[in-house]
Amino acid sequence: MAVPTLTGPPADGRLTPSPPGKPRRGGWTALRYVGLIGAALVFVGPFVWIWISSLRTSADIGRDPFGLPTELNWDNYVNAFVTGRFGAYLGNTFLYVAFVVPLVLLLASMAAYALTLVRTRITGLLFVLILLGVMVPFQSIMIPQYYVVRDLGLLGSYWGIIVPSLALGLPFGIFLMRAFFLTLPAELRDAARVDGASELRVFWHVMLPLARPGILSLAVFQFMFTWNAFLIPLLYGQHENLRPVASGIMFFVGEYNTDRAAIAAAVTLTCLPVIITYLFLQRYFIAGMTAGALK
Amino acid sequence: MSRTAAPPAAPPAPRRPAAGAQSRRRAWSPWRWSPAARLAAVFLAPAILLYLVFVLVPLVQSVWLSLHEWDGVNPVKTFVGLANYADLVGDRIFRTSVRNTLIWVGLGTAASLALSLGLALLAWGAGRGFAVFRTLYFMPQVLPTVVVGIVWGWIYHPSFGALNRILDAVGLDGLQRGWLGEPDIAVYAILAASVWASIGLSFVIFSAALNNVSAELLDAAKVDGANAVQRFRHVIVPQLSHAVTLVTSLLLIHNFQAFDMVWVMTRGGPQNSTQLIATYTYQNAFADNQVGYGAALSVVLTVICLIVTVVFVRLRERTSEV
């Protein structure tokens, strides 16, 4: 796969569509960097503003929203953890990610492989039905789904959030993994069979390892979907013990809407784990996101 | 390759699915399926079961529910035929929500597409700095939409929000607004926040695609005297067509799913001016106990989504043939 080439910076600066003729080049480059840095400020500025605010007091922020903290005030974080229950929210989010992401990866890979293994009218129809699930918004099915979850007795339990999240992750997961399995040459499968491998071994030891870029891609997407999920926990996890950070912070903001410093600390706590994960695993995020773009 | 390898191991495995007619004649018993078909059935079962129970059946049920009047609690649902749909016609909030949904899907997708492509072209070949810019641009994308909504709620705050303060500082205080409080502009203010948060992914995909643009073709065009605009239109764009399709599909799906941002920032207000079909559905079904009416709204959302999808696929087919 061409994935590794994506992670590095572009190989050659001369690829740029800069106008011909040397003299104008300097001005063009300066202009380009002004644009790029301006955009960077627009994307990162708001968060820096919030992070700084989280170390100030609300009275301070009221006087001057853009000031710097006079002394570092960590009380807002203590407040978020103790009265805002952010420890529990973060724990719940980790739990949902730990269950939903691996299960989506496994079930979507299996189903996608099956769809490429047997190409009949039935599997063709199944794939069309699954495409329907990729396109239709969650809000189109949430009303009856709510009553399905209720009738199964899952409402207000961890499973009530995990199982629907899993089911909703499958259409996109199958779609993505199928595309990857289709890029693998069928000869590899045949060769493994000739060597006497069972169908299960062919999948587990030959085809699945070859589909790693696809699995990585899906892992990144599903991690973000699950971490950021808001409406599913709001609907199915109606108890505050079940809230993940993304919906927990809503309730926190509702209760403390005048205490701006406390909200800033809560926002920071919600952001930091994802941002740290992202900064450390950036290569995989970017490779995973773009793997689909190159086929 | 496989043709030469297959004959020695003739009997067990290589019953290729290509022989469709043959497989149809076989008796329909799982025990006589090939090992591959049996594995496929076992592999598909859990995913299909979950998909059926939690996605496909609810999709059909929402049509059925939309023909009823139901408060969500009463064991009896009253069949009312198409009355819920008739009510939609006269519902002013419904018309607003359809208009807003189309604004999100149309304007939102176009704006994200144009801005991310522009930014990717700007960053293309920025050398070492590129990796840093990519890291920063992508950051909003990894954050929960709820958090983005809260942060932009601060930016738009009428008195101490960053936007009004900045406008004041540069002497444009005439443009100051209560951004989320005025029905005419609130929906665009929320959409701007959504576009801001969704540029990162498109930017990364476009950047990856630009790195694959053939340098020889570009140089050849330059030698032939094509100017920057011509090179972009006739050399770069055709090579980006796959990325454009991918980004557009992702953005369309993303914008049809929009809910969190509106819910966090305005809950559909002021005066229901920022309702999307999705938020109005939620409000009817789960806040106002109008489950049947909410279901009718969700069916409208499904239909609009499918129409847009079909039109998009058709357009793509036509342009890729040319």
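Reckoned from all heavy atoms, side chains included, excluding hydrogens, waters and symmetry mates. Throughout, a chain's letter reflects where its sequence line sits, starting with A, and its residues are numbered from 1.
- Put simply, the side chain of A:Phe43 does not reach to within 4.5 Å of the side chain of B:Met139, judged on heavy atoms.
- Checking side-chain atoms of B:Trp196 against main-chain N and O of A:Val42 turns up a donor-acceptor pair under 3.5 Å.
- Closest heavy-atom contact between B:Ala36 and A:Val118: O-CG2, 4.0 Å.
- Neither the backbone nor the side chain of A:Ser198 has a heavy atom closer than 4.5 Å to any heavy atom of chain B.
- For A:Leu152, the part sitting under 4.5 Å from any heavy atom of chain B is the side chain, from C-beta outward, and nothing else.
- Contact annotation for A:Ile50: only side-chain heavy atoms (C-beta onward) come within less than 4.5 Å of a heavy atom of chain B.
- The residue among A:Thr277, A:Val149, A:Leu200 with the most heavy atom pairs within less than 4.5 Å of chain B is A:Leu200.
- Counting heavy-atom pairs under 4.5 Å between each of B:Val142, B:Thr281, B:Val147 and chain A puts B:Val142 at the top.
- The environment of OH in A:Tyr278 is crowded: more than 12 heavy-atom neighbours from other residues, nucleotides or ligands sit within 6.0 Å.
- B:Cys305 and A:Val136 get closest at one heavy-atom pair: SG-CA, 4.3 Å.
- Heavy-atom distances place the side chain of A:Val148, and not its backbone, under 4.5 Å from chain B.
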Could you pull out every donor-acceptor pair under 3.5 Å between side chains of residues 45-66 of chain B and any protein atom, sequence neighbours left out?
residue	atom	partner	partner atom	Å
B:Tyr51	OH	A:Leu129	O	2.4
B:Tyr51	OH	A:Gly133	N	3.0
B:Ser62	OG	B:Leu59	O	2.8
B:Ser66	OG	B:Val63	O	2.6
B:Ser66	OG	B:Tyr85	OH	2.6

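- Considering only heavy atoms from C-beta on, A:Leu234 comes within 4.5 Å of B:Trp263 through its side chain.
- Closest heavy-atom contact between B:Leu44 and A:Ala114: CG-CB, 3.6 Å.
- Interface summary for chain B: among A:Tyr113, A:Tyr147, A:Tyr146, A:Phe138, the most heavy-atom pairs under 4.5 angstrom belong to A:Tyr147.
- Taken from CD in B:Gln290 to CD1 in A:Ile143, the straight-line distance is 11.0 Å, to the nearest 0.5 Å.
- Of all the listed residues (B:Ile277, B:Leu297, B:Ile150, B:Ile253), the one sharing the greatest number of non-hydrogen pairs under 4.5 Å with chain A is B:Ile150.
- For A:Leu36, the parts lying under 4.5 angstrom from a heavy atom of chain B are both the backbone and the side chain.
- When every heavy atom of B:Val151 is checked against every heavy atom of A:Pro46, the shortest pair comes out as CG1-CB, 3.7 Å.
- Looking at residues two or more places apart in sequence or on another chain, you find a side-chain contact (heavy atoms from CB on, under 4.5 Å) between B:Val244 and B:Phe206, B:Leu240, B:Thr248.
- Counting heavy atoms from C-beta outward, A:Met135 and B:Phe256 have side chains that stay 4.5 Å or more apart.
- Residues A:Met250 and B:Val146 come closest through the heavy atom pair CG-CG1, 3.8 Å.
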Query - Steps toward side chain to side chain contact (heavy atoms under 4.5 Å, CB included) verdict (B:Phe259, A:Gln139) - result: CA-CA 8 Å; B:Phe259 176 93; A:Gln139 290 86 9; 3.2 Å; yes

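- Comparing B:Gly161, B:Ala162, B:Ala197, B:Ala41 by how many heavy-atom pairs each has under 4.5 Å with chain A, the most go to B:Ala162.
- Defined by atom type and a distance below 3.5 Å, a donor-acceptor pair is present between the side-chain atoms of A:Gln282 and B:Thr135.
- By the 30° and 60° cut-offs, the orientation of the rings of B:Phe43 relative to A:Phe203 is perpendicular.
- Both the backbone and the side chain of A:Ile130 come within less than 4.5 Å of a heavy atom of chain B.
- Contacts between A:Val134 and chain B at a heavy-atom distance below 4.5 Å involve backbone atoms as well as side-chain atoms.
- Note: A:Ala39 leads A:Ala39, A:Ser247, A:Pro164 in heavy-atom pairs under 4.5 Å with chain B.
- Only the side chain of A:Leu279 has a heavy atom closer than 4.5 Å to any heavy atom of chain B.
- A:Arg260 places no side-chain N or O within donor-acceptor distance of the main-chain N or O of B:Trp154, the cut-off being under 3.5 Å.
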